[in-house]
Amino acid sequence: MNFICFKENLKRNLDNALRIIKYNSTLPILNNFLLSTEKGMLKISSTDLEIGFTSLIPSKILKEGSITVPAQLLSQFINNLPNKNINFEVKDFKLYLNCDNIKASINGLNAEDFQIIPKVKNDSVLTINSKLFKNSLNYVINSSAISDARPEISSIYIKINPDQLKFVATDSFRLAHKTIFVLSGDNKEKIKINFDQSRNIILPLRTAGELLRILGDQNDNVKIIVDQNQVLFDFDNTQLISRLVEGNYPDYEVIIPKSSETKCYLSKNDLEESIKLSGCFSSKLNDITIKTNSEKSQMEIFSNNSEYGNHHGKINSEIKGKDVTIVFNWRYFLDGLKNIDENELILEFNGDQKPAVIKSVKNNDFFYILMPIRNN
Amino acid sequence: MDLHELWKAALGEIGLQVSKANYKTWLTNTSIVDKKNGIITIAVPNSFTKEWLENKYHKFILRSLHNIESEIKEVTYQIKPNYIKEELKDKKQFKEDDLSAHKQLDFTELNVDTETNLNPRYTFDNFIVGPSNELAHAAASAVVKNLGNKYNPLFIYGGVGLGKTHLIQAIGNAVKKENRNKKIKYVTSERFTSEVITTLRSGSLRPNDIDDFKKRWREIDLLIIDDIQFLSGKEKTQDEFFHTFNALYDAGKQIIISSDRPPKSIQTLEERLRSRFEGGMIADISYPDLETRITILKTKANEKGFDFSYDILEYIASNIKKNIRELEGALNRLIASNLSTNKKDFNLTEVKKALNIIVNTPKKSTTFKNIIKAVAEFYDVSEKELLERSRKKEIVKPRQIIMYLLREELKNSFPFIGLKIGGRDHTTAIHACDKIKKEIESDQNLNDEINMIKEKLYLV
């Protein structure tokens with residue numbers, strides 16, 4: 001195998017490929033990249049047996065072949081090379097690099113021993129604009145559970161219906177829910193669904209995180225191909241294949257409050273500002289208190305810390321229904337606010353022990369449900 | 001040689017031919033799941049393993065299996081992830097230990113088993129049996145032992161917060177424990193309705209979804225439907241449920257239904273459904289007696305790691321009589337105030353103070369007018385007729401019920417009752433109240449009717 005590749009082209013893909021690898025001590029070859037040639041390009045593959053990554057990089061191929069080399073080493077070395085063409089050559093399971101007047105050789109292993117990245121065989125394809133897709137994931141990803149204890153919610157739930165896509169994430173304290181209406185506006189051009197039937201998938205959180213990183217600022221199409229246990233994301237020359245979480249996603253619809261006792265209309269900026277201020281004085285619980293005053297059309301936001309001091313803020317708000325005093329984790333609250341683009345906001349409460357709903361007045365495509373902190 | 005032993009023997013041989021690291025990576029968590037006509041199916045945890053075994057180790061595997069049993073000619077691989085549910089429990093335990101985390105409320109709905117919708121919290125072990133629910137409990141236990149044969153369908157009814165959901169979910173959990181392969185589904189009738197609606201909505205676009213829906217519901221071994229009374233009036237859902245019910249019933253699958261009232265009292269329930277519900281076993285759960293309530297409190301307190309003295313428990317139990325959920329609420333309140341003051345000990349006066357709000361909340365009041373209106377509506381007679389001198393049977397009974405309710409709910413005096421109900425003598429009122437009181441004890445139907453009227457009275 002012999003090829004010439006420009007450093008900059010290689011670097012970004014090596015970074016992405018490296019992130020997939022989780023250090024594995026039982027099978028050292030899992031800590032390697034597979035370099036091979038395909039369609040006149042260089043192909044880099046890496047995997048941790050849950051996610052498989054492959055990327056094709058434009059290069060000048062002088063001789064076909066393949067090898068696997070330690071990922072960390074190769075990527076670290078190449079990062080430090082000057083921005084020039086690099087010549088790669090494989091001889092006797094050794095990778096010889098030649099760049100400018102720098103020479104190196106890396107001991108590799110037989111490519112035959114590298115794990116095989118499975119293929120996804122299915123005709124069900126969802127094609128979606130990468131910006132729109134990234135945006136939708138971003139709406140919900142911060143509500144997903146980070147712990148591995150419950151794999152089914154350490155994930156993003158994606159419901160693929162003919163007329164809408166839904167993205168859901170929860171960590172059992174809050175829940176974020178984003179809908180894309182496939183048939184409305186310019187979404188028609190941005191999304192094509194070719195599925196025999198509605199399909200729901202549970203995408204592992206880690207896969208979603210890597211996807212966001214790989215997508216970067218691209219404005220292109222992503223093809224999403226779903227089969228029984230796995231999903232393939234195909235962007236141009238890069239492919240990411242991941243297992244799906246088995247089992248069922250919790251029945252989250254029962255959590256969505258169907259009515260509300262208190263409705264508050266207010267400005268998102270005011271609220272966000274006040275919550276951030278109050279957060280300075282919250283205790284270890286991150287607790288801040290919200291108290292509605294419908295008579296004065298005001299919402300009070302305050303926190304009290306016996307050690308440091310306290311804060312008390314008031315913002316204007318039109319309040320309908322019963323007054324309520326309720327305690328929240330302000331970090332969770334901000335996570336939800338962050339995802340709302342409009343300034344006009346509705347908060348809905350059902351007493352101080354039931355979940356609250358945060359949503360925009362105008363757009364009904366996103367809402368955030370948050371459980372309060374027990375109020376004594 | 002069974003499948004397990006066969007695979008173990010084969011692995012022994014394969015292990016000699018591959019490196020230890022490879023063996024550990026690719027062959028742990030695999031098993032033989034099927035053997036038919038010389039074809040072996042091997043379950044593997046993920047698609048990577050499947051690819052690797054198919055492409056790299058297929059020859060080893062086939063050869064070693066063939067060496068052990070010569071009729072084996074083919075090996076196929078199937079992805080069967082084995083995810084572990086047990087971890088969930090550990091995590092919850094940890095969470096409850098942590099006081100600060102305890103205060104952040106979570107969506108309790110998410111703790112249910114996503115496969116069956118059952119909440120693992122509900123088991124027979126923590127279901128407290130007393131005279132009020134003995135029959136229902138016995139029927140439920142019988143159903144677990146004789147799934148689909150003995151009492152099918154099992155219909156359990158009783159008031160709010162008396163443990164219907166607990167009991168029917170306990171059946172599900174017990175069946176699941178006994179046989180992991182049984183397909184169990186617990187669903188509230190509301191949920192069922194919304195599934196019917198979603199399916200119909202997307203159905204116009206994709207016919208597959210409707211078939212999918214039918215298939216999904218008809219391959220269940222044990223179907224548990226909670227709060228069936230909410231199906232009343234929803235014709236299309238009833239229709240879909242009727243077909244599901246029949247399909248399951250005919251296939252000898254067990255169906256369990258709960259409701260707040262007996263089948264014949266559920267209004268606008270299709271006749272054909274009603275008669276099917278009545279075809280199995282009907283058991284009721286009524287209000288628990290004082291002793292049962294105390295036992296319940298004691299168990300719940302122990303579950304949460306608290307121990308209260310007998311007189312405290314008795315105080316709570318004797319003040320909250322008609323709803324177990326409220327009992328638990330009072331207990332939670334007590335525990336919460338205990339946590340905030342960081343005291344381990346509690347005396348009765350403090351308990352009384354802590355529970356003041358719950359115990360002394362005046363009962364939602366109703367009025368003379370409301371009672372008459374509710375009864376008249378319930379029995380579909382005119383209010384005017386009730387106050388007249390008619391002695392027709394269909395008028396007399398509602399009239400007596402009105403007098404009984406005025407006495408029980410409003411604590412009106414007998415002469416006042418007599419006067420208000422068409423200027424009758426106070427002895428008439430006494431007679432009516434005594435009669436109804438006696439009849440309630442022997443006549444379950446009357447008891448149900450009166451409870452439903454009361455619900456109507458206090459609902460709005």
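Nothing here was measured: the structure is a model prediction, and the numbers come from that model. Lettering of chains follows the sequences in order, A, B, ..., and the numbering in each one begins at 1. Heavy atoms only: backbone and side chains are in, while hydrogens, waters and symmetry mates are out.
Each of A/Glu50, A/Lys354, A/Arg243, A/Lys284 has some count of heavy-atom pairs under 4.5 Å with chain B, and the biggest count is that of A/Glu50. Note on A/Pro250, A/Pro372, A/Pro118: by heavy-atom pairs under 4.5 Å with chain B, the leading option is A/Pro118. Among A/Thr26, A/Asp113, A/Ile373, A/Leu49, the residue making the largest number of heavy-atom pairs under 4.5 Å with chain B is A/Leu49. Contacts with chain B were tallied for A/Val254, A/Thr170, A/Ile255; A/Ile255 has the most, counting heavy-atom pairs under 4.5 Å.
Counted within 6.0 Å of CZ on B/Arg325, heavy atoms from surrounding residues, nucleotides or ligands total 12 or fewer; the atom is thus considered open. Within 6.0 Å of the CG atom in A/Leu183, the count of heavy atoms belonging to other residues, nucleotides or ligands exceeds 12. More than 12 heavy atoms of other shown residues, nucleotides or ligands fall within 6.0 angstrom of atom NZ in A/Lys258.
Both the backbone and the side chain of A/Ile117 come within less than 4.5 Å of a heavy atom in chain B. Neither the backbone nor the side chain of B/Lys20 comes within less than 4.5 Å of any heavy atom of chain A. Contacts of A/Tyr249 with chain B are made by backbone atoms alone, with heavy-atom separations under 4.5 Å and no side-chain atom involved. Only the backbone of A/Ile51 comes within contact range of chain B, judged by heavy atoms closer than 4.5 Å. Looking at A/Gln115, both its backbone and its side chain come within 4.5 Å of chain B, counting heavy atoms on both sides.
The CG atom of A/Asp251 sits 11.0 Å away from atom OH of B/Tyr186, with the distance rounded to the nearest 0.5 Å. How far CG of B/Asn332 is from CZ of A/Arg374: 7.0 Å, rounded to the nearest 0.5 Å.
Within the 4.5 Å cutoff, no side-chain heavy atoms of B/Ile79 are placed close to those of A/Gln228. With contacts defined as side-chain heavy-atom distances shorter than 4.5 Å, the pair B/Lys56/A/Ile116 qualifies. Within the 4.5 Å cutoff, the side chain of A/Phe173 has no heavy atoms near those of the B/Leu105 side chain.
A donor-acceptor contact shorter than 3.5 Å links the side chain of B/Gln104 to the backbone of A/Met371.
The minimum heavy-atom distance between B/Phe107 and A/Pro355, with the atom names listed, is CE2-CB, 4.1 Å. When all heavy atoms of B/Glu51 and A/Lys119 are compared, the pair lying nearest together is OE2-N, 3.9 Å.
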